[in-house]
Structures are given as C-alpha cells and as structure tokens.
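Chain A is the first sequence line, chain B the second, and so forth, proteins listed ahead of strands; every chain is numbered from 1.
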Number of protein chains: 2
Amino acid sequence: MTDINFSKGHVASDSQEAASPAPRAGEFRWDIIELLFFAYRDFVGDADHELEAFGFGRAHHRVMHFVYRYPGLKVADLLDVLRITKQSLGRVLKQLLDEGYIVQKTGNNDRRQRLLYATPKGEALVAKLAGLQTDRITRALRDINPEGAAAISEFLRAMIDRDDPDKVLEAIFGIGSKKPRE
Amino acid sequence: MTDINFSKGHVASDSQEAASPAPRAGEFRWDIIELLFFAYRDFVGDADHELEAFGFGRAHHRVMHFVYRYPGLKVADLLDVLRITKQSLGRVLKQLLDEGYIVQKTGNNDRRQRLLYATPKGEALVAKLAGLQTDRITRALRDINPEGAAAISEFLRAMIDRDDPDKVLEAIFGIGSKKPRE
DNA sequence: CAAGATATGTCAACATGACTGACATAAATT
DNA sequence: AATTTATGTCAGTCATGTTGACATATCTTG
C-alpha cells in the first residue's frame, strides 16, 4: 500500500524545466532548502514533545531559552530577538511569571526596565529541552571532523542577516559589524 | 540608548551553572542551537516577505514547494510530509486550487487518488521563492570549500529522523531504511 | 456481488500564537 | 512642566494548527 508512485519530475538530476519564469537557468539549491526544512522540523520537534507535558508551546520555549541564556535581558531586547509584538510576548511572559519560571527585577539605572531572570524551575526546563536538542546535534556531528564542524558553524552564521543585529546577535557575533544602515 | 546591559551570565565560556537540574555537566551546544534558530528565522523570512504580496502564508509555500518538486504527489503523501491534518491542509490546498496554482488529476491506477501538479503560475511562485533562498544559501557557502560543503550536507541529513520516513524523505535519502514499524 | 477498507473532502468548534490599534502608568529626559 | 520611553493591558482579528463527525467515490476482499 501507498507505493512510491510520484514521478519525481523536477527532482535533482532532472533535465530542464519547461516553466515560463526561468529565473536563473534553474540552479536552485533544492538540496539545502529541503534539508533545512526537515532538519529544523525534527530539531524543534524534540522540544515540542516535552513542552506538551508542561502545557507550554514553542513561544514559551523561545522566551525561556533567551532569558536563561542572557540573564537580565530587558523586555525590549526580547522583543527584538523574537521579532514579535509586546502584546504577543505579554501573554506568554505572564504565564511564565505566574507559574514561577521567570522573575522580573527593576533595573538599577533605569527603574522603568524590567530585567528578566530564569528561576531554578525555569533553568530546569531550559536544560531539559537543551539536552534533547544537544543530543541530536552531538549525534549529527559524530562522524564529522573538526574542519567540517567549523564549516557548519561558519555556514549557519553566514545564513543570518547581519544588518541591524539585535542584542543577542551582537553577543553571538561579538559586536562586530555595528553597521547603522542609513 | 538601549545599551548592551544584560550580564551574559550563562553565555558560552561561563564556568558552571548553579542550577539544580545539572543534566550532564553542562555541555550543551548553545552555539548550534542558537545559530539554527537565527539561521532558520532569516531563511524563511526571505519567503515570508514575498508571500505577503500574494496573500499567502508559510503554509501555502510549503504545499507549493513539495507539489512542484514532486509532481503527482498524492494528498496523503503531502499530509505525511507536512505532518498536519487533512482539514488543515484542505483549507490551504483549496485556495491554491481555486487560484490556479495547483491542479489535481485523478490517479490512473487508483481513481480515488488526487495527484497534485503545479501549474506554470504555481511554478513561477515556487521559483521566485526558491531563488531568494538559493541566493542566501549561495552567499553563505561562498567562502566554504567542497569538503566543508559536504560536511554541512552530512550534518543536516544526520539531524533528520530516519525512522518512519515519508515519501519525500525516502526520495531524498534514496529509499534506505524502509523500516515498517508494526 | 456485498461488505468493508481506503482516499479524499467538508462542516463545525476550538486553541495557539501571531497581528493592529488604543490607551494607561511610571520613570527618565529635555 | 512637557515629552519621551519602557512596559503593561484591553479588545478584536487573522493564520494555521487541532478534534470529531460524517459523506462520497472507489478499491479490495470474503
């Protein structure tokens, strides 16, 4: 049942598209495009499973992750990183605060700011999820030598937009190209 | 304004977590976890922008992509690949059919099946989006040698779950581990 | 052939996580 | 004192996912 019957018309080694657009002679990176899709799907799937047990979703994970990793992150910074609206963040953040995964502290210099910190309970959740994802990454890197691993890191960095980096990206990339786009 | 003021407590070279969980001595791949997050965010962001002009979302893109790439894909196959319910697919697919991006043909062997094909209009859309993503990938690979590129491909493949692969994954991986889970 | 299984489509209700717009408060800046 | 900034919140909407129930056509099987 359910035989592999689709014709694979455009797959990889196919000759040529008869399509009208013909953008640039057909040299698309279908391989990487699809590998990224499946790899990311399964990568986040690890965490998604666990999150159900807590009654949380991906949104909660992202918030917890960055709050844990960058203690004292401001709400505004979090909004930059996640690229969502404050209304959208508000709902998720409120749950995490109410349930004791995150605490807020008033900023020292600027008392309007609410600096965010993970509680031990929050740290435990992040560690659990990061453990699952680290397992997958470690498995995937097992048969890859250091040069290959460096190439992977370099590739992923180069895939990221560098214009107008948020605070977390500046930390990751080391405050390099602070290029104020006019 | 908006100074880089978070304390970076747990970042990379930090000594040790005082947290309670302590899963495996703290050797998490924070680097790859975060690079994947940002790389994928910007990777899909390319397409998201363009899609707005068409009044479509990511869901439409995913459907169009796989229908174009694997002509004659059955509805059931598409459900396997996207891992969504048929009701969810139905809404998106109906729009793409109504607006002439996809056509259905009755299966030859099994007349219950609806085999899906991209129209020229649909192919043009897929090509446009794949062009944007290919540009990003090509840019990212520019300074990476063939061995590095091979490592990247190997890594992404190894990140994907191989148990119970769907039709598309079988095509990508070459019908390898056809392990029928009982 | 009749019965059952399969492939697909559809209706209805609901959940999550995005969005916009408007407005409120407290604290910093001018 | 007036304005700007950082944050929070209310209200409504949209996109995309979910369950559950059911309909129809077609294939498979006893």
[X] side chain vs [Y] backbone, donor-acceptor pair below 3.5 Å:
| X | Y | answer |
| --- | --- | --- |
| B:Arg157 | B:Phe173 | no |
| B:Asp42 | A:Asp161 | yes |
| A:Asn145 | A:Gly148 | yes |
| B:Thr106 | B:Arg111 | no |
| B:Lys121 | B:Glu99 | yes |

Once you round it to whole Å, what is the distance between [atom2] of [N] and [atom1] of [X]?
| X | N | atom1 | atom2 | result |
| --- | --- | --- | --- | --- |
| A:Asp98 | D:dG8 | CG | C1' | 13 Å |
| B:Asp80 | C:dT6 | CG | P | 15 Å |
| B:Gln113 | C:dG9 | CD | C1' | 15 Å |
| A:Lys94 | C:dT16 | NZ | P | 16 Å |
| A:Lys74 | D:dG8 | NZ | P | 13 Å |
| B:Leu73 | C:dT8 | CG | C1' | 14 Å |
| A:Asp77 | D:dT7 | CG | C1' | 13 Å |
| A:Leu79 | D:dT5 | CG | P | 16 Å |

State, with a plain yes or no, whether a side-chain heavy atom of [X] is found less than 4.5 Å away from one of [Y].
| X | Y | answer |
| --- | --- | --- |
| A:Met159 | B:Arg136 | yes |
| A:Phe38 | B:Asp166 | yes |
| A:Val126 | A:Tyr101 | no |

When the side chains of residues 55-67 of chain A are checked against the rest of the protein, which donor-acceptor pairs come out under 3.5 Å, sequence neighbours left out?
{"residue": "A:Arg58", "atom": "NE", "partner": "A:Asp48", "partner atom": "OD1", "Å": "3.2"}
{"residue": "A:Arg58", "atom": "NE", "partner": "A:Asp48", "partner atom": "OD2", "Å": "3.0"}
{"residue": "A:Arg58", "atom": "NH2", "partner": "A:Asp48", "partner atom": "OD2", "Å": "2.8"}
{"residue": "A:His60", "atom": "ND1", "partner": "A:Gly57", "partner atom": "N", "Å": "2.9"}
{"residue": "A:His60", "atom": "NE2", "partner": "A:Gln95", "partner atom": "OE1", "Å": "3.3"}
{"residue": "A:His65", "atom": "NE2", "partner": "B:Glu34", "partner atom": "OE2", "Å": "2.8"}

Is the shortest side-chain N/O distance from B:Gln104 to OP1 or OP2 of C:dG9 below 4.0 Å?
->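 Answer yes for this pair, as a side-chain N or O of B:Gln104 is under 4.0 Å from OP1 or OP2.
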Looking only at N and O atoms, is any donor in the side chain of A:Gln87 or the base of C:dG17 less than 3.5 Å from an acceptor on the other one?
->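 It does not, because no donor-acceptor pair links the side chain of A:Gln87 to the base of C:dG17 below 3.5 Å.
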Between the protein and nucleotides 14-17 of chain D, list the N/O to N/O atom pairs that are separated by less than 3.5 angstrom.
{"residue": "D:dT16", "atom": "OP1", "partner": "B:Arg58", "partner atom": "N", "Å": "3.3"}
{"residue": "D:dG17", "atom": "OP1", "partner": "B:Arg62", "partner atom": "NH2", "Å": "2.5"}
{"residue": "D:dG17", "atom": "O5'", "partner": "B:Ser88", "partner atom": "OG", "Å": "3.4"}
{"residue": "D:dG17", "atom": "N7", "partner": "B:Arg91", "partner atom": "NH2", "Å": "2.8"}
{"residue": "D:dG17", "atom": "O6", "partner": "B:Arg91", "partner atom": "NH2", "Å": "3.4"}

Going 5' to 3' through nucleotides 23-30 of chain D and flagging B where a protein heavy-atom sits under 4.0 Å of the base, S where only the sugar-phosphate is that close, and - otherwise, we get --BBS---
